[in-house]
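Worksheet: the structure to be examined is printed underneath.
Order of the sequence lines sets the chain letters (A, B, ...), proteins ahead of strands, with each chain counted from 1. Note that the structure is a prediction, hence the values are computed from the model and not measured.
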Amino acid sequence: MYAVEIKNLKKSYGDFQALKGIDLEVEEGEIFGLLGPNGAGKTTLMRILAEGLKYDEGEIRIFGESISKRTRRLIGYVSQESIAYNLLTVEENLNFYADLYDAPKKKVSELIKRFNLPPKKKAKELSGGFKRRLNLAISLLYDPKILILDEPSTGLDVPSRRKLWEEIKQFKEEGKTILLATHYMEEAEILADRIAIINEGKIIAVGTPKELKEMLGEESIVQVEGLLKGAEKLKNNFPRVLEKENSIRIHVKEPRQALPKIIEILIKEGSQIKAVKVEEPTLEDVFLELTGRGLE
Amino acid sequence: MKLRVIKGIILKDLREIRREKMALFWIFIFPIMWITLFGSIWGGESPPITLKVGVVYYNESSPFTAYDVVGIMKNVTLEGVPLFKVSEFKNESGAIESLKSGRVDAVVVFSKGFGANVSGGRQAKIYMYFDKTDPQDYQITSGIVKGFFSEFEKEMKKRSLEMQFKYMEAYIPKEIIERHNLTVEQIREYMLASAEPLVIEEKTVEGETATPIQFYVTSFIGIQFLFATMLTIGNGTLEEIEKGTLRRIAASPATAWDFLLGKMLSTFFIIMISIVIGIFYSRLVFGETIYPSFLGWSLIFIASLFSMSLGLSIAMLTRSIKSTTAIVNFISMPLLFLAGIVLPESVLPSWAKPIVNYFPLGRALKDLRLLELYNRPASEIIPDLIWLSLITLGALTIAVLLYNWVVKRLE
């Protein structure tokens, strides 16, 4: 029995089709990553699961039971926006949601301690990191079996992000199933047991990070950094080229043969190269392979 | 119905309100401002008024002249306040010009030969001028001036009769009177009754009418129904939608009724605090107030519930805080006057009176006033309370249906 089982899920907002037939199975106890760019349909999918957002077509089962208000109590949802009331303190916010979900009162103090939250501080006075932790604490009040995290590390600094990742790993150890939506490939790669790549409302690939990377076959990635010109010329010679702010990633089969040609083209076009690396492909490269564009 | 959820929503709302400066203004400062303002303007006892009267008369050398009448006019007082402030004019046209321009309220012209005629026992003529532009002012002014001269005339009649008696006793032979089986006293009574057929004796009572302060305390309660109650629930729910918290509440085990009951009870509690502040402030500062009975509080509760249903329905239809505020103000502003909230029903035009009687908030306030200010028995109010409860139930059902409709369509 899957923790979450979705078949042919479709959802439109007016003329815009946000989900175009999603099929997905999430195993109990795994961290399942949903990787895709902004607007791919991740939040819509999560809100259908956690907040009862209406969908047009399809079937959803939570631990084998059709989705309903009852199964929603099995799901804890940490949305991108804070659901805390700004004028209430941390403790008052937790108490309110504990009343709403009929959660035991002792859970409030437990969670305050666990996430090291300042109980008497108003939500509006909290930093972004603490706000995210408060949202997490709220979603754990009623001890859900499934935890849905929508872009949990967006806007967090690096130390806060690392700390959050540790907490997510801890949830897994406690036996929770985690559905993690992110557009950070690093986050998905570090945390997820399996990943579904979603683009324009469709799941285009599912597998472990290793399996997904293997989809690229023998390909390696040449990454050139610096003040670069000539990406268009490179695209004429190499089919998959991803331009980033100060770097270009080129998919190649034989790096030794491709490297001199790449450098020649870039220098000829007037680039100032600072570094050249040959790397194993990342999930972003997989995404590029599958969609022809980058994640961000 | 989950009591823990309802309690949670009430506590959450009250805590938020406690920390919201604008809300605190409406709860604590507004009642004090309202009662202070209207209490200072219309509260307390009204002193008797003094009329400005222009007089025109001619100098004469008779024993009793217009000059003597004007002297009496200048000295007449009511509860220590002069009844007239007399201005003397040389001619009639000057006095009338002053009346037209509002410098005097009335003009009294004593005709030429007034003194000679009065002293000689003949009719003497007085001309009175009033400005009829404002019928109420005219009623008051002419009533006072004519009332004065009527009393004055009565006194003259009495004195003239006394003189006639003295002559009668002295000059009519007693045998003639006895022949007709009469006494002097009987003739005296007959003559007095001919001159003054009605004897009016004035007595005063302390009426059970409301004082202006009491009226404005109930007005303040009506204002809370029209504005604060409607906006608190309507905009409060929209804020939950905008913040995304309503989606979470709707996804929780709480039902729509749990949420709405919690919101409505917290709103009612807030309004009640505001009303209680108004009531006690009025007692403290002006020494007058009303203390609603259980039935009075029931009326307040039903009216609040109706107002909340209306506010919630508007909010659910507009789905915008700005539009809800605009519509509530658009509806409430005219109703403030036309539903008898700040103006008594008696001064409203006839076309507006049905609003007082059939618009539930106007009707509830009217009933509250009848109950608390005019001591009407509960049996007179209860049929209205039942009618109001049924209307409120209908409004509440519509509001809940609209709320459910909106929640189901939350994107």
>> Which one wins on heavy-atom pair count under 4.5 Å against chain B: A:Y142, A:Y85, A:Y97, A:Y101?
In response: A:Y85
> Using a cut-off of under 4.5 Å for heavy-atom pairs, which of A:E81, A:E92, A:R73, A:R72 has the most such pairs with chain B?
Replying inline: A:E92
Is [X] close to chain B through its backbone or its side chain, or both, or neither, when contacts mean heavy atoms under 4.5 Å?
{"X": "A:T44", "result": "neither"}
{"X": "A:F96", "result": "side chain"}
{"X": "A:A98", "result": "both"}
{"X": "A:E51", "result": "both"}
{"X": "A:Y77", "result": "both"}

With the threshold set at 4.0 Å, does a side-chain nitrogen-carboxylate oxygen contact exist between [X] and [Y]?
{"X": "A:E174", "Y": "A:R114", "result": "yes"}
{"X": "B:R4", "Y": "A:D102", "result": "yes"}
{"X": "B:K263", "Y": "B:D258", "result": "no"}

[Y] versus [X], side-chain donor and acceptor atoms under 3.5 Å:
{"X": "B:E372", "Y": "B:S293", "result": "yes"}
{"X": "B:T324", "Y": "B:T318", "result": "yes"}
{"X": "A:T43", "Y": "A:D150", "result": "yes"}

> Side chains of A:R61 and A:I67: does their closest heavy-atom pair fall under 4.5 Å?
Replying inline: no
> Quick one: which residues of residues 236-243 of chain B reach chain A at under 4.5 angstrom, heavy atoms only?
Replying inline: B:E240, B:K243
>> With a strict 4.5 Å heavy-atom criterion, list every residue of residues 5-17 of chain B that contacts chain A, or say none.
In response: B:V5, B:K7, B:G8, B:I9, B:K12, B:R15, B:E16
> Step by step, would you call B:Y403 with B:F259 a ring-ring contact (aromatic ring centres under 6.0 Å, His included)?
Replying inline: CA-CA 10 Å; B:Y403 169 82; B:F259 172 75; 5.5 Å; yes
>> If you take the centroid of each ring, where Trp contributes its six-membered ring, are B:W297 and B:F301 closer together than 6.0 Å?
In response: no
> Given a strict heavy-atom distance threshold of 4.5 Å, which part of B:A254 is in contact with chain A: side chain, backbone, both, or neither?
Replying inline: both
>> Would you compute the distance between atom CZ of A:F32 and atom CG of A:L191 and round it to the nearest 0.5 angstrom?
In response: 14.0 Å
>> Quick check for you: to the nearest 0.5 Å, what is the distance between A:R132 atom CZ and A:L164 atom CG?
In response: 8.0 Å
> Given the rule in the side chain to side chain contact (heavy atoms under 4.5 Å, CB included) test, do A:E59 and A:E5 qualify, once you have shown the distances and angles that lead to the verdict?
Replying inline: CA-CA 8 Å; A:E59 197 185 340; A:E5 193 179 0; over 6 Å; no
>> Is the positively charged end of A:K169 above the ring of A:F171, judged by distance under 6.0 angstrom from the centroid and angle within 45° of the axis?
In response: no
